[in-house]
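Let me begin by presenting the structure, written as structure tokens, before commenting on it.
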Protein chains: 2
Amino acid sequence: MQYTKSTGYALHALIHLAQKDSGQYVGIKELSAALVVSESYLSKIMSKLRQDGIVRAVTGASGGYELARSADRITFLDVIQVVEGRQHLYECFHGEESTPDAIYDMDSEECLVKKVMIGAEMHLHSYLEQHTIQGVLDAAAQRGSRAGNKKA
Amino acid sequence: MQYTKSTGYALHALIHLAQKDSGQYVGIKELSAALVVSESYLSKIMSKLRQDGIVRAVTGASGGYELARSADRITFLDVIQVVEGRQHLYECFHGEESTPDAIYDMDSEECLVKKVMIGAEMHLHSYLEQHTIQGVLDAAAQRGSRAGNKKA
DNA sequence: TTCATTATGGATCGTTAATATCCATAATAG
DNA sequence: CTATTATGGATATTAACGATCCATAATGAA
């Protein structure tokens, strides 16, 4: 039970983009160099982020990526759900979905173990929803301003 | 990012055991029949639970498993950590710890992303710690006594 | 237009984790 | 002694993850 590397790459790529001005496109070359990951692999992840409307992409010379909305409106949950998929923490009958969205209906005659797990999921999501890309930048700025111990 | 089937089996097996009296051993045959899973597979999971002191096992004729402590002191977190392992939700440097390159260390974002994830993990664990096997039994009893609105 | 640049999507491949089974062994009640 | 029952090792199968390559389309610039 661990988030994949892809989620880490996605978060860091977005943090990188968030440090640029709007309209300033960043190519996959710069991103992959910054994150120390291959262009081909990272481009798959960026493509997912684009399909989900988290970044915009422009092909062709001097093209690249930029955030599709401000960094304070991109939450950890947004990113995680795009990259990891929107599976539930626990499924009673692994492999098949019974109801589309009635999964959060606590009154249905569902497995009691699942009820506990749905609660866990909601707690987790609630936390991840409250943390944004901008939040990380703010924390970094705070850290940077503290007693000039910049370089490690 | 989903708990494995094994976790589901473990939780249901413990719920089954919790419904028996102390000193009443339950064999793998009964358990696997109740959960609709093979004996050989479930026995691996039970063995883990035993190694971690969650159940006791007695070999030989009329042997089997029983809870090693009361059901209200076996939390979801206990079970999950035994079956899933105690990995973190997120690792900065998945697997390896090298990459002294870390050029993108400009703001030490790596640790900041992890900091958010550690917070998420703590929230999740806090919730899972507060839910026990006994809690599920209690919920089941309540549901059973609500004679009437069984089906929505 | 032509060319270099850049993202996209399909196909593929190796590695690892999860799922699952079988068997030999050890322990124990009767 | 024998039937029963858990244990641990070995192994096979499947699915997910991590990663790469290539053909294609879109775009800015010469």
Side-chain angles (χ1 to χ4, degrees), chain A residues 1-10 12-13 17 23-33 35-66 68 80 82-87 90-91 93-96, chain B residues 1-10 13 17 23-33 35-66 68 80 82-87 90-91 93-96 99:
Chain A
M1 242 289 288
Q2 199 175 273
Y3 289 123
T4 61
K5 289 186 181 184
S6 292
T7 287
Y9 293 143
H12 284 294
L17 292 183
Q24 189 179 353
Y25 291 101
V26 179
I28 198 69
K29 273 194 172 62
E30 178 177 333
L31 279 176
S32 66
L35 308 194
V36 194
V37 60
S38 78
E39 299 177 24
S40 50
Y41 188 46
L42 185 58
S43 68
K44 300 288 187 198
I45 298 167
M46 296 309 295
S47 196
K48 269 193 190 176
L49 293 174
R50 182 195 61 95
Q51 285 170 46
D52 223 80
I54 291 179
V55 302
R56 267 190 293 270
V58 172
T59 59
S62 76
Y65 303 95
E66 68 169 354
I80 287 168
V82 169
V83 179
E84 303 277 332
R86 286 174 174 77
Q87 339 170 6
Y90 176 83
E91 294 293 337
F93 303 104
H94 283 258
E96 32 188 297
Chain B
M1 243 287 291
Q2 199 175 271
Y3 289 123
T4 61
K5 289 186 181 184
S6 293
T7 287
Y9 293 144
L17 292 183
Q24 190 179 353
Y25 291 101
V26 178
I28 198 70
K29 273 194 172 61
E30 177 177 333
L31 280 177
S32 66
L35 308 194
V36 194
V37 59
S38 78
E39 300 178 22
S40 51
Y41 189 47
L42 184 58
S43 68
K44 300 288 187 197
I45 298 167
M46 296 309 295
S47 195
K48 269 193 190 174
L49 293 173
R50 183 195 61 93
Q51 286 170 46
D52 224 78
I54 291 179
V55 301
R56 266 189 294 271
V58 171
T59 60
S62 76
Y65 303 95
E66 68 170 354
I80 287 168
V82 169
V83 179
E84 303 277 333
R86 287 174 173 76
Q87 348 169 8
Y90 177 82
E91 293 293 338
F93 303 104
H94 283 259
E96 309 303 324
T99 50

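Fair warning: this is a prediction, and the values are worked out from it, not measured in the lab. Reminder, nothing fancy here: chain letters follow the sequence lines and each chain counts from 1.
Listed by chain and residue number, B:S40 satisfy the side chain to side chain donor-acceptor pair (under 3.5 Å) test with B:S38 (two or more places apart in sequence, or in another chain). For the side chain to side chain donor-acceptor pair (under 3.5 Å) test, no residue two or more places apart in sequence or in another chain qualifies with A:Q87. Taking the side chain to side chain donor-acceptor pair (under 3.5 Å) definition, one finds that A:S62 meets it with nothing, sequence neighbours left out.
Counting to the nearest Å, the C1' atom of D:dA16 and the CE atom of A:M1 are 16 Å from each other. Distance A:Y3 OH to D:dG18 P: 14 Å, rounded to the nearest Å. Atom CG in B:L49 sits about 13 Å away from atom P in D:dA6, given to the nearest Å. When rounded to the nearest whole Å, the span between CD1 of A:I28 and C1' of C:dA4 equals 18 Å. Across the protein-nucleic acid pair, B:L17 atom CG and D:dA6 atom P stand 11 Å apart, rounded to whole Å. Atom CZ of A:R50 is separated from atom C1' of C:dT8 by 7 Å (rounded to the nearest Å). For the pair B:L31 CG and D:dT7 P, the interatomic distance rounds to 12 Å; values are reported in whole Å. Summarising the geometry, the separation between CD on A:Q51 and P on C:dA7 is reported as 15 Å, rounded to the nearest angstrom.
Not a single donor-acceptor pair under 3.5 Å links the side chain of B:E66 to the backbone N or O of B:R56.
You'll find the side chain of A:Y9 stays beyond 4.5 Å of the side chain of A:T4, heavy atoms only. A heavy-atom distance below 4.5 Å is not found between the side chains of B:Q2 and A:M1.
Backbone-only contact: A:Y65 has heavy atoms under 4.0 Å from sugar-phosphate atoms and none from a base.
Closest of all the heavy-atom pairs between B:Y90 and A:H12 is OH-NE2, 3.5 Å.
Out of D:dT5, D:dC17, C:dG9, the shortest distance to the side chain of A:T4 is found at D:dC17.
Counting only residues at least two apart or in different chains, salt bridge (charged side-chain N to carboxylate O under 4.0 Å, His left out) contacts with residues 36-53 of chain B comprise B:D52-B:R86.
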Given protein heavy atoms under 4.0 Å, the one-letter contact record of nucleotides 20-30 of chain C, with B base, S sugar-phosphate only and - none, is simply BBB----BBS-
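A sub-4.0 Å separation between OP1 or OP2 of C:dT6 and a side-chain N or O of A:S43 is absent.
Over its full length, the helix from C:dT1-D:dA30 to C:dG30-D:dC1 turns its helical axis through 10°, comparing axes from the five pairs at each end and rounding to 10°.
Of the N and O atoms on the side chains of A:Y41 and A:S6, at least one donor lies less than 3.5 Å from an acceptor on the other residue.
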